[in-house]
Structures are given as structure tokens and as C-alpha cells.
Amino acid sequence: MESLVFDSDDLQVTEEFLSHAYARMTIGSSRPGAGRAKVRRDTMPSVSIDELDLDFDMSYSVNPLGKICLCLMRDGTIEDHVFQGVRDTFGPGDLVSFAPPDLPYAGRVCSARYNITMLDPALLDQVAATDASSPLQPVRLTGHRPHSEAAARRLGSTITYLRDHVLADPTIAGEPLIASTSSQLLAASVLATFPNTARTDPSAQDRTDAHSATVRRAVAYIDDHADQPVTVAEIAAAAHVTVRALQYAFRRHLDTTPLARLREVRLAHAHRELRAKAADDTTVAAVAARWGFHHPGRFATLYRAAYGVGPSDTLRG
């Protein structure tokens, strides 16, 4: 995981930084002697979360980012934001997608504080099913505004949680399994918030493929790869079915989901490691993080439900 902090009152320096941090852009201010720009960025593979504070008005014109770029407004406004077929203005509390990854955009920031969350578009394909009529087409967002205020609030809470409880701790964010599960959580939240092309219902072929052999192949893959970053799409590929068929098969035969099964297997590995007390300095938090559990309280709850005691009790013997 990496972090960076930027603080400058020089417009040219700010333009150079933003061009490097996002995509080639030109910016300008109508005020002589532009104000201060402050940016903090925290990153993990495929995801970055930035907090920006610009105390001046600034126009911008940005080349395609190649990433999904979400904007959560804190204070101030972004006005006349335009990309192909869209012109909009955003104010405090708004959560939007700036533009499709392959399109340029432009607009004007007016003394604003806002969050920018960027993610690799391929993350959507790791957690969702493509259209059966065009399986080679990646999942994409089809609207820049959330479909409901409630969905926007949930996504905003997910972003804040990742910023404050995952990326805020380099030790936690540096764990490969945590980075993988966190990025998939964000991608799933994005799909639950914005209109998109992902399939929501299994097709007739999906239903046909959702048999017990599919579940056996998927479970075997999960068991063999629980110590590695694993996506739903990879599990489906190993079972030779679509993501929707995989999800439908797990519901039909196990009354669970593939990721819930993966979590159970990782919890069992954590249990064995706590019992083994691999080293004198073993801690519950370190074991939990190693197996992809970034919230100690949530890990303790899951552990107690599965084994009847708390993880610290197991560690103490």
C-alpha cells in the first residue's frame, strides 16, 4: 500500500501533480494568485482513495482516465461538469461517476472539498456476470448518477470504511487477502449503486449448469486456493460455468454464496493457526489479517459463532 500527500499554492505545480496523479489535464483559475490545493491519496492494488481540498475556483479538462472515477462531494460545488451527452452540477452529499473510463471530461471546481475514488474497471468483472449474449464485453456502468439516495449512502459508507479502517493501516492494507476482498467489496458496492450492464438473473443455461458437480469443482478450487487472492470470476472459471450459474448453484445446493464459503474456509485456517500458536508473538489481529479479516470485531463474532469461544481464548489455550 502507498500513500502520498500534496500541498501547494502554485497553480502550475498543482496542474503537474494532478496530471501525474490522474490523467493529463489542463487547469486554470480566474483569480490571480490561486489558492491552496491539498490532496491525500491512499492506494492498494486496483484502488485509490483521495481526499482533495481546493480553496479556489478551478476549471479542468481531463483526458480519459481508463478507470472508474467516483466523486463524493463534501463541501462546495463542481459546476458544468460535461462529458459525452451529459452536463451536470454536483453539490454537498452528491456521489457520482465522473465519466466512462474511455471518455474525456471537463468542468469547474468551486472551492470544494471532495473524495475521489478510482478503481480498475476490470474489478466489476470479478464480481458480476456479463451479458450471455455478449460474454466478451466487460461489465460497465450505464449512468453517472446512483439509482437511489439509499444506494449512494451505502456506497459512501463503504468508501469511508475502506479509507478509515483498511487503507489507514498499512499493515492491514498490505495483506494480499484483505486487498483482494476490499477491492471486491468496493466493486460490488459500485454495481449495487449505479445502473450497469451486469446480469441479475440466471439464464436457462445458467440454471442447467447449476448442478452439484459445479459446486464440487468450485468448493475444491476454494479449498486449494483459500490462501491466495480469489475472485468470484476465478471460481466460476475453475468450475467451467458463468458467475451467475455459480452463484445460483451455491444457493440451490448449499444455501450460501461462493464468497461466504471462501470466508468459512479462511476462518478454519485462522482457527488452526491460532491453535498451533506458530510463534510466541502471534496475535489474533495478525492471524485475522493474514486470512483476509480486516475488522477485528467482525472476525471475533464470526469466530465465536463457528467455534463457541473467542479467538483470543483459542490463542491462550
Side-chain angles (χ1 to χ4, degrees), residues 1-5 40-51 115 117-120 123 126-127 154 157-189 218-235 238 256-317:
M1 192 205 74
E2 297 179 356
S3 297
L4 65 84
V5 176
R40 176 183 174 87
R41 163 174 290 182
D42 294 303
T43 66
M44 59 186 180
S46 302
V47 174
S48 64
I49 298 181
D50 302 355
E51 294 294 336
N115 170 284
T117 299
M118 295 193 297
L119 60 152
D120 188 331
L123 287 175
Q126 295 179 3
V127 299
R154 287 192 292 270
S157 296
T158 298
I159 291 171
T160 300
Y161 179 80
L162 293 181
R163 182 197 66 191
D164 294 345
H165 298 283
V166 178
L167 293 176
D169 186 338
T171 303
I172 295 296
E175 289 289 347
L177 299 190
I178 287 182
S180 174
T181 56
S182 297
S183 62
Q184 290 183 71
L185 170 64
L186 177 61
S189 298
V219 168
Y221 184 85
I222 289 171
D223 289 344
D224 291 342
H225 297 82
D227 61 339
Q228 303 170 30
V230 174
T231 69
V232 176
E234 290 169 341
I235 299 171
T256 188
T257 67
L259 289 184
R261 173 70 183 204
L262 177 61
R263 186 173 61 241
E264 291 173 4
V265 173
R266 287 175 173 169
L267 186 66
H269 280 285
H271 173 62
R272 285 193 288 272
E273 187 169 334
L274 288 170
R275 290 187 64 185
K277 302 178 187 63
D280 291 339
D281 60 351
T282 297
T283 66
V284 170
V287 171
R290 191 153 43 247
W291 288 102
F293 299 94
H294 50 75
H295 191 292
R298 176 64 173 158
F299 174 72
T301 299
L302 291 170
Y303 191 94
R304 187 172 285 105
Y307 300 106
V309 297
S312 57
D313 297 324
T314 299
L315 183 61
R316 291 194 301 265

How would you list all residue pairs meeting salt bridge (charged side-chain N to carboxylate O under 4.0 Å, His left out) that involve residues 283-295, not counting sequence neighbours? Glu273-Arg290
Run the side chain to side chain contact (heavy atoms under 4.5 Å, CB included) test on Leu259 and Val232 for me, step by step, so that the C-alpha distance in whole Å, both residues' side-chain angles and the decisive distance to 0.1 Å come before the verdict. CA-CA 7 Å; Leu259 289 184; Val232 176; 3.6 Å; yes
Return yes if some donor-acceptor pair links the side-chain N/O of [X] with the main-chain N/O of [Y] below 3.5 Å, else return no.
{"X": "Ser48", "Y": "Met44", "answer": "no"}
{"X": "Glu175", "Y": "Ile172", "answer": "no"}
{"X": "Asp164", "Y": "Tyr161", "answer": "no"}
{"X": "Ser183", "Y": "Ala179", "answer": "yes"}
{"X": "Arg40", "Y": "Glu51", "answer": "no"}

Whether His225 and Tyr221 hold their rings parallel, tilted or perpendicular, with breakpoints at 30° and 60°: parallel
Rounded to the nearest 0.5 Å, what separation is found between the [atom1] atom of [X] and the [atom2] atom of [Y]?
{"X": "Thr160", "Y": "Asn115", "atom1": "OG1", "atom2": "CG", "answer": "7.0 Å"}
{"X": "Ile159", "Y": "Thr117", "atom1": "CD1", "atom2": "OG1", "answer": "4.0 Å"}
{"X": "Leu167", "Y": "Ile49", "atom1": "CG", "atom2": "CD1", "answer": "5.0 Å"}
{"X": "Asp227", "Y": "Leu177", "atom1": "CG", "atom2": "CG", "answer": "7.5 Å"}
{"X": "Leu4", "Y": "Asp42", "atom1": "CG", "atom2": "CG", "answer": "8.0 Å"}

With a 4.5 Å cut-off on side-chain heavy atoms, are [Y] and [X] touching?
{"X": "Arg261", "Y": "Glu264", "value": "yes"}
{"X": "Phe299", "Y": "Leu267", "value": "yes"}
{"X": "Arg263", "Y": "Leu302", "value": "yes"}
{"X": "Thr231", "Y": "Val127", "value": "no"}
{"X": "Leu123", "Y": "Leu186", "value": "no"}

Criterion side chain to side chain donor-acceptor pair (under 3.5 Å) against His271, the qualifying member of Tyr307, Tyr303, Trp291: Tyr303
Which heavy atom of [X] sits nearest to which heavy atom of [Y], and what is that distance?
{"X": "Ala226", "Y": "Leu262", "value": "CA-CD1, 4.0 Å"}
{"X": "Thr158", "Y": "Ser189", "value": "OG1-OG, 3.4 Å"}
{"X": "His294", "Y": "Ser182", "value": "CD2-OG, 3.8 Å"}
{"X": "Thr181", "Y": "Ile178", "value": "OG1-O, 3.2 Å"}
{"X": "Met118", "Y": "Arg41", "value": "CE-NH2, 3.2 Å"}
{"X": "Ile222", "Y": "Pro258", "value": "CD1-O, 3.8 Å"}

Which residues satisfy the side-chain hydrogen bond (donor to acceptor under 3.5 Å, both in side chains) test with His269, sequence neighbours excluded? Arg272
Could you please spell out the steps behind the side chain to side chain contact (heavy atoms under 4.5 Å, CB included) verdict for Phe293 and Arg298? CA-CA 8 Å; Phe293 299 94; Arg298 176 64 173 158; 5.9 Å; no
Verify side chain to side chain contact (heavy atoms under 4.5 Å, CB included) between Gln126 and Gln184, making sure each step is shown before the conclusion. CA-CA 7 Å; Gln126 295 179 3; Gln184 290 183 71; 4.2 Å; yes
